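Everything below concerns the one structure shown next.
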Amino acid sequence: MAILDILHHPDPRLREVAQPITEFDDELQTFIDDMFETMYAAPGVGLAATQVGDTRRVAVMDCSEDKNQPMVIINPEILQADEPQIMEEGCLSVPGISDKVTRNNHVKLRALDRDGNSYELQAEGLLAQCIQHEIDHLDGKLYIDKLSTLKRDRIRKKLQKEQRLATR
Ligand code: GNR
Ligand code: NI
């Protein structure tokens with residue numbers, strides 16, 4: 001097991017579009033375990049491979065109260081989305097920031113599990129929000145892309161300054 005480094009905005013690797021997974025080998029299983037360890041340690045309710053510099057189309061999540069409902073989504077597809085509403089959102093790749101964005105409160109998901117078996121799931125609330133957030137990561141998108149240019153510029157400058165202070 002290993003805790004992986006989480007990339008911070010504006011790292012250009014957060015903008016890469018992840019590639020579908022076709023190999024469900026031992027290396028993938030180890031990577032998924034490391035992603036869970038990294039997510040729980042952060043702590044966060046989700047983590048996409050993009051955030052740890054990997055271009056495979058996989059994310060892990062656990063939106064449960066007791067942190068006992070690990071979920072893997074591989075090559076995910078949203079089949080249906082409805083009930084747009086404003087939700088407060090944060091991201092481990094945009095640390096120390098949160099803001100309101102519009103998300104669908106209900107989604108129907110199709111994805112593969114860690115063994116490559118297809119499943120479908122109806123999700124609502126935080127889980128639905130998290131699914132949309134993680135799929136956005138796999139498409140190189142961040143929730144701050146939905147904010148005004150002014151807000152996004154301020155966030156980028158703040159994180160770039162923190163980055164400079166952390167690496168000097
Ligand atoms: O930990 C996280 N919390 C969160 C809160 C509201 C909406 C989405 C999220 S996901 C985030 C972890 C993360 O950055 N996943 O990519
Ligand atoms: Ni995120």
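Order of appearance sets the numbers: ligands from 1, and atoms from 1 within every ligand. This is a predicted model, so every value here is computed, not measured. Numbers here simply count residues along the sequence, with the first being 1.
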(Q) With rounding to the nearest 0.5 angstrom, report the CD to CG distance, Glu16 to Asp139. (A) 13.0 Å

Q | For atom 11 (C) of ligand 1, closest protein heavy-atom neighbour | A | Gly90 O, 3.8 Å

Q. Can you list the atoms of ligand 1 that are under 4.0 Å from a heavy atom of Glu134?
A. 10 (S), 13 (C), 15 (N), 16 (O)

(Q) If hydrophobic clusters are built by linking Ile, Leu, Val, Met, Phe, Trp and Tyr wherever their side-chain heavy atoms come under 4.5 Å apart, do Ile21 and Leu138 end up in the same one? (A) no

(Q) I want to know if ligand 1 touches Glu89 in the polar sense, i.e. an N/O pair below 3.5 angstrom. (A) no

Q: Could you check atom 1 (O) of ligand 1 against the protein and tell me its nearest heavy-atom contact, residue, atom and distance included?
A: Val45 N, 3.0 Å

Q) Should Tyr119 and Val60 be counted in the same cluster of Ile, Leu, Val, Met, Phe, Trp and Tyr side chains packed under 4.5 Å apart? A) no

Q) If you group Ile, Leu, Val, Met, Phe, Trp and Tyr by side-chain heavy-atom gaps below 4.5 Å, do Val52 and Ile74 land in one group? A) yes

Q. How far is atom 14 (O) of ligand 1 from its nearest protein heavy atom, and which residue and atom name does that atom have?
A. Leu92 N, 2.8 Å

**Q.** Ion pair check, Asp99 and Arg152, cut-off under 4.0 Å
**A.** no

Q: Run the numbers for me: atoms of ligand 1, each under 4.0 Å from some heavy atom of Cys91, listed by number.
A: 14 (O)

Q. Can you tell me how far CD1 of Ile6 sits from OG1 of Thr50, rounded to the nearest 0.5 angstrom?
A. 12.5 Å

Q: Report the part of Met39 in contact with ligand 1, treating N, CA, C, O as backbone and CB onward as side chain, heavy atoms under 4.0 Å; options are side chain, backbone, both, neither.
A: neither

Q: Identify whether the distance between the nearest side-chain nitrogen and carboxylate oxygen of Arg13 and Asp54 falls below 4.0 Å.
A: no

Q) Ignoring water, what protein N, O or S atoms are under 2.8 Å from the Ni ion (ligand 2)? A) Cys91 SG, His133 NE2, His137 NE2

Q) With atoms numbered from 1 as shown, which atoms in ligand 1 lie under 4.0 angstrom from a non-hydrogen atom of His133? A) 8 (C), 10 (S), 13 (C), 14 (O), 15 (N), 16 (O)

Q) Is there a donor-acceptor pair under 3.5 Å between the side chain of Gln132 and the backbone N or O of Ala128? A) yes

Q) When rounded to the nearest 0.5 angstrom, what distance separates CD1 in Ile73 from CG in Leu121? A) 10.0 Å

Q | Aromatic ring pairing Tyr40/Phe36, orientation class (parallel under 30°, perpendicular over 60°, tilted between) | A | parallel

Give every donor-acceptor pair under 3.5 Å between a side-chain atom in residues 109-116 and any protein atom, sequence neighbours left out.
unit_1 : atom_1 : unit_2 : atom_2 : d
Arg110 : NE     : Glu120 : OE2    : 3.2
Arg110 : NH2    : Glu120 : OE2    : 3.3
Asp113 : OD1    : Asp115 : N      : 2.9
Asp113 : OD1    : Gly116 : N      : 3.1
Asp113 : OD1    : Asn117 : N      : 2.9
Arg114 : NE     : Gln29  : OE1    : 2.9
Arg114 : NH1    : Asp33  : OD1    : 3.4
Arg114 : NH2    : Gln29  : O      : 3.2
Arg114 : NH2    : Gln29  : OE1    : 3.4
Arg114 : NH2    : Asp33  : OD1    : 2.9

Q) Among protein heavy atoms, which lies nearest atom 12 (C) of ligand 1, and at what distance? A) Gly46 O, 3.2 Å

**Q.** For Gly44, atoms of ligand 1 separated by under 4.0 Å from a heavy atom
**A.** 1 (O)

Q: State whether the shortest distance between N or O atoms of His137 and N or O atoms of ligand 1 falls below 3.5 angstrom.
A: yes

